[in-house]
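We number each residue from 1, following the sequence as shown. Please read all numbers here as calculations on a predicted model, not as lab measurements.
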Amino acid sequence: MLYDKDTIYIIGDAQASVNNPITQQYNAFFIGLVVDTTSHKIVDAGCSSTIPLTSDFVRSIFIGHNMLLLDVVAEEIRRRYHGSSQKALVVAYKDAQKKYKLALNGREEMGFQSSGTV
């Protein structure tokens, strides 16, 4: 899949519980998000997981949401995702959101236009 020039890729990470298979395999929990900087919409997503279904399901939670609306996405995670990485998923999203805001500020300083406010 090719992404538009107005998209950026952000990684968010968090520690999952010690007994979580993801922690045993990767030592941490990661989410990757492709975000359209003109609308702040998440256009693609993936995560570290031990089975592909988990990554696919997490992807369905994030796609279409506004990257700047933490509470909306966190609530959807709590409502829909009942795996042992639920808390780590929320923390990783918060981390990704923080990095996204920094990236937007950096793009504006370099002269790139972004709609909306950070």
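Using a 4.5 Å heavy-atom threshold, the side chains of L33 and Y100 count as separate. Using a 4.5 Å heavy-atom cutoff, the side chains of Y93 and V58 are not in contact. At least one side-chain heavy atom of V43 sits under 4.5 Å from a side-chain heavy atom of T7.
The minimum heavy-atom distance between L104 and H40, with the atom names listed, is CD1-CE1, 3.5 Å. A pairwise comparison of heavy atoms in C47 and F29 identifies CB-CZ, 4.0 Å as the closest pair. When every heavy atom of A14 is checked against every heavy atom of A88, the shortest pair comes out as CB-O, 3.4 Å. Considering every non-hydrogen atom in both I10 and A96, the closest pair reads CG2-O, 3.3 Å. Closest approach of G32 to I11, counting heavy atoms only: CA-CD1, 4.0 Å.
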Candidate pair I8 and Y3, rule side-chain contact (heavy atoms from CB on, under 4.5 Å), full reasoning: CA-CA 9 Å; I8 62 173; Y3 299 103; over 6 Å; no
Full working for side-chain contact (heavy atoms from CB on, under 4.5 Å) between Q97 and K101: CA-CA 6 Å; Q97 186 188 57; K101 289 178 179 181; 4.2 Å; yes
Please determine whether side-chain contact (heavy atoms from CB on, under 4.5 Å) holds for the pair R78 and V90, giving the CA-CA distance in whole Å, both sets of side-chain angles, and the decisive distance to 0.1 Å. CA-CA 8 Å; R78 288 184 196 99; V90 173; 3.9 Å; yes
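With hydrogens and angles ignored, the 3.5 Å screen pairs a side-chain donor or acceptor of D95 with a backbone N or O of D13.
Annotation: K99, atom NZ; neighbour count of heavy atoms from other residues, nucleotides and ligands within 6.0 Å is above 12.
Taking CD1 from I77 and OG from S85, the interatomic distance works out to 11.0 Å, rounded to the nearest 0.5 Å.
Ionic pairing of D36 and K5 is not present here: no N-O contact between side-chain nitrogen and carboxylate oxygen is shorter than 4.0 angstrom.
Think of L2 as one node in a network of Ile, Leu, Val, Met, Phe, Trp and Tyr side chains linked at under 4.5 Å; it has no links at all.
Tracing side-chain contacts under 4.5 Å through hydrophobic residues (I, L, V, M, F, W, Y), one never reaches L89 starting from V72; they form parts of separate clusters.
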Check: residues 59-69 side-chain donor-acceptor pairs under 3.5 Å, at least two apart:
unit_1	atom_1	unit_2	atom_2	d
R59	NE	D44	OD1	2.6
R59	NH2	D44	OD1	3.1
S60	OG	F57	O	2.6
S60	OG	R80	NH2	3.3
H65	NE2	I61	O	3.3
H65	NE2	E76	OE1	2.7
N66	OD1	L68	N	2.8

